[in-house]
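Being a predicted model, the structure only gives us computed values, none of them experimental. Here is the naming used below: chain letters follow the sequence lines, and residue numbers restart at 1 for every chain.
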Amino acid sequence: MIHFSRYALLVFFSLVASTGWLYAQLTLAGGNPTLSITTGMAGAEPIAVVNTATTIDYEKSASVQKITVLTSCLGQSFTLKVVATGASFGTPAPEVTLTQGMLATDLITGIPSKPPGPNKGSCTLRYTASATFAQGNSSEQGNDVHTVTYTILAQ
Amino acid sequence: MKKSLAVLAIAILSLSFIQESNAQASANQTVNLTVSAVYKISTSGNPGALTISNGTAGVDALTSVSDNSTTYSITQNVGNTVKVTAYLNSALSSGYTLTLGLASTQGTSAGSVDISNATSGSAVDVVTAISRGADAGQTISYNFSADASAGTLSATSKTVTLTLTN
Amino acid sequence: MLAPTVQPGLTFPSFTRSLMVLLLLGGTHLFEMVQAQTTGNHTVTITVATITAVQVSSGSVSMSITGAGVAAGQDLMTVSDQSTNLLWGINSANRKITVSTSLGSQTFSLRVVAISPTQGIAAPEVTLSTVANDFLLSVGRSSGSCGIGYTGLALASQGTGSDSHSITFTVQSE
Amino acid sequence: MQRTNILKLLPAAVLFALFGVMPPGTAKAQGIIAQQTVTLEVLELNKIGINRNALTLIIQEADVQAGVPLPVTNSDGALFWMTNGENKKITVASSNAAPRFNLTLMAVDVEQSAGLSLPEIPLNDAQTKDFIIGVTRAVGRCQIRYTASTQVSAGTGRETYVITYTITGS
């Protein structure tokens, strides 16, 4: 009985560790970026701005993982896109347009399980904000404030 | 704290500058409108044939014929010294006489002027002192006369050139 | 947070040995499990400044009345030019574009009208003066272009000469 | 100095040559033309006229010794003509084909170069006879001298002649 319980616990932890959902890790760094569109060409559209100040630190787990992204932005007026660049592991998905009410969309896929190699990696978040003249300006429309959520999970 | 405020102030200032520079609400364009010297003269068409078909026994001068069926129009913006001259492509033979009269409201008509011997080198004035502006639909009067002693004249075309000149 | 459960009847020394084995095998994992975070979020703010951009495709236009096309007997002589365009980008609502000239004393008349605007409504043709006149209406929150149609008018009785205009197109509130 | 002036005029000359445009203020001696075609014609015209439409010659005297009536003449009538044609003549014809009395006529005082008068012409029939010849692009005038005579045997009476003058091609 004693031996059964001891090994059962051991197996439990091993299983837990192998599933990965308990100790997968994702951390955002770089704070909360603000993207300001200030210029535009007559006959064209305002010039989009890019922000690459934020990163995601993430770790391998015992299983193959991916990172998804979604946003919440009530009364969205303008356009915000994100793409992961310089990912240590995994394959960045094409640029994702962040819109209110969207479903979680892949940002990085195929993050390999460990081992071998280093466990910790990162990527840069490249945000691109754009607006058309027809979409107005913040003085009249207010700013767009996105709460962008990234999730790492088993693929 | 002071340093933070300074950074914030610079940031706000920069943003204001950018917005101001892009808030260009006007564009300029230079348009040059030039009016050059303009001379225009035209006629309404050709007069009918001037055919002398009558005369008087004992009188050398045949019965003259005339035509007032055409008009001329002019436009000029040059000045009050502009005039209209007239000449034929070749002079008429002796005994035939073609006179020309141009009515005018903008200038001074010379009345009925003999152009029988007026050629390009000896054009005659028919209207002078035309003031700037337009004069439309003014009557052109031709009168053709001949002497019996000059003989007959088979149908002959003559080109009358009216020149608006300064 | 996870904590190992202890089954009834398990003796402490045995539990200790098991825990040690566990720590040896998965201690690192356990530490990670304590720190584990599968989601993260941050706030991204987009601000769009008030942008008003207007420009002409060419800075100068030359028009000349030479008599071409003028019928003799006609006092009024005109010349037209549609060689340039006006372009704009405006992200504010309720805007119009007006036009004026700097030339207060004009010998001849110069008229202007917007031709085939891609956005907004062309105002009727106006004779340029130093007072701003409507050129394009309802161009708020739009980007577009239109041809600039100039017509110069001179009477023969006005003689010869030239006028040099500095034309200003201005975006204004409607 | 002259070269400088030519160089100054060169741009205006080029402008005019290329576009027919003269700069303001350089309009001197420039102009524009309009042309009309005038057709002139003078038809052949032959006109003839007479100043007295009716003349009366009365034979009322006779030479008693010779036993014949004396002829009478009348030159009151004048003939006028005009022709711009070549080689014309004036003819005369009487309406009286068989006159009882004698009537002759002749052109006198024909203007120089207006034609050539022919000798006395008897109007003893209705034939057309030349009266004046050599009429070319001329205006002429002459007096018509009529001479009436008769024989005693012709008796008395009245005769009327309608005499027609015609200018015609020779």
Side-chain angles (χ1 to χ4, degrees), chain A residues 1-2 5-6 9-10 13-14 16-17 21-28 30-46 51 54 56 59 71 77-80 82 98 127 129 131-141 143-153, chain C residues 2 4-11 14-15 17-19 21-23 25-57 85-94 118-119 139-145 171:
Chain A
M1 181 64 185
I2 292 172
S5 300
R6 186 182 300 160
L9 193 61
L10 201 59
F13 277 107
S14 295
V16 166
W21 61 267
L22 281 178
Y23 68 94
Q25 187 172 348
L26 178 147
T27 305
L28 287 168
N32 298 312
T34 296
L35 292 89
S36 296
I37 297 171
T38 59
T39 58
M41 297 289 288
E45 294 294 355
N51 182 290
T54 57
I56 300 177
E59 292 184 14
T71 188
S77 299
F78 313 115
T79 302
L80 180 63
V82 67
L98 301 174
Y127 285 106
T132 64
F133 282 108
Q135 288 172 333
N137 61 65
S138 293
S139 297
E140 296 174 354
Q141 310 281 100
N143 295 335
D144 276 4
V145 180
H146 290 258
T147 300
V148 186
T149 301
Y150 296 90
T151 302
I152 187 167
L153 70 166
Chain C
L2 295 173
T5 56
V6 179
Q7 294 188 353
L10 185 65
T11 59
S14 300
F15 175 72
R17 283 199 298 271
S18 300
L19 188 57
V21 171
L22 182 62
L23 287 172
L25 292 173
T28 306
H29 289 178
L30 183 62
F31 180 76
E32 287 175 351
M33 284 186 287
V34 171
Q35 298 294 323
Q37 182 181 354
T38 59
T39 66
N41 61 53
H42 61 188
T43 300
V44 179
T45 303
I46 302 176
T47 66
V48 178
T50 299
I51 301 172
T52 304
V54 58
Q55 69 178 72
V56 290
S57 60
N85 296 313
L86 182 73
L87 302 94
W88 68 90
I90 303 164
N91 65 359
S92 300
N94 303 321
T118 58
Q119 301 285 334
V139 290
R141 287 188 187 168
S142 72
S143 171
S145 65
V171 177

### Task
Going by the side chain to side chain contact (heavy atoms under 4.5 Å, CB included) test, name the single residue among C/Val48, C/Ile46, C/Thr47 that passes it with A/Ser36.
C/Thr47
### Message
Whether the side chain of A/Asn137 engages the backbone of C/Asn91 through a donor-acceptor N/O pair (distance < 3.5 Å, no angle test) should be reported.
### Response
yes
#### Entry: Contact class of C/Thr43 relative to chain A, heavy atoms under 4.5 angstrom
both
### Between C/Thr39 and A/Thr149: side-chain donor-acceptor atoms closer than 3.5 Å
no
### Query
Any side-chain heavy atom of C/Ile51 within less than 4.5 Å of one from A/Ile37?
yes
### Query
What's the spacing between C/Thr45 OG1 and A/Asn143 CG if we round to 0.5 Å?
6.5 Å
### Query
Is chain C contacted by the side chain of A/Ala131, its backbone, both, or neither, given a heavy-atom distance below 4.5 Å?
side chain
### Which portion of A/Thr71 sits near chain C, non-hydrogen atoms under 4.5 angstrom
neither
### Query
What residue in A/Gly136, A/Ala134, A/Ser77, A/Gly31 has the most heavy-atom pairs under 4.5 Å with chain C?
A/Gly136
### Exercise: identify the closest heavy-atom pair between C/Gly40 and A/Leu26
N-CD2, 3.5 Å
## Note on the structure
When the 4.5 angstrom heavy-atom criterion is applied to A/Tyr127 and chain C, the contacting part is side chain
### A/Met41 side chain near C/Ser143 side chain, heavy-atom distance below 4.5 Å
no
### Query
What residue in C/Asn85, C/Val44, C/Leu87 has the most heavy-atom pairs under 4.5 Å with chain A?
C/Val44
### Message
Contact between C/Arg141 and A/Glu140 at the side-chain level, heavy atoms closer than 4.5 Å - yes or no?
### Response
yes
### Summary
Nearest heavy-atom contact between A/Ala42 and C/Gln55 is CB-CG, 3.7 Å
### Task
Between chain A and each of C/Gly144, C/Ser145, C/Ser142, count heavy-atom pairs under 4.5 Å; write down the option with the most.
C/Ser142
#### Entry: Option that, when pairs with chain C are counted at under 4.5 Å, heavy atom only, ranks first among A/Gly43, A/Pro46, A/Ala129, A/Ala44
A/Gly43
### Task
Report yes if some heavy atom in the side chain of C/Thr38 is under 4.5 Å from a heavy atom in the side chain of A/Leu153; otherwise report no.
no
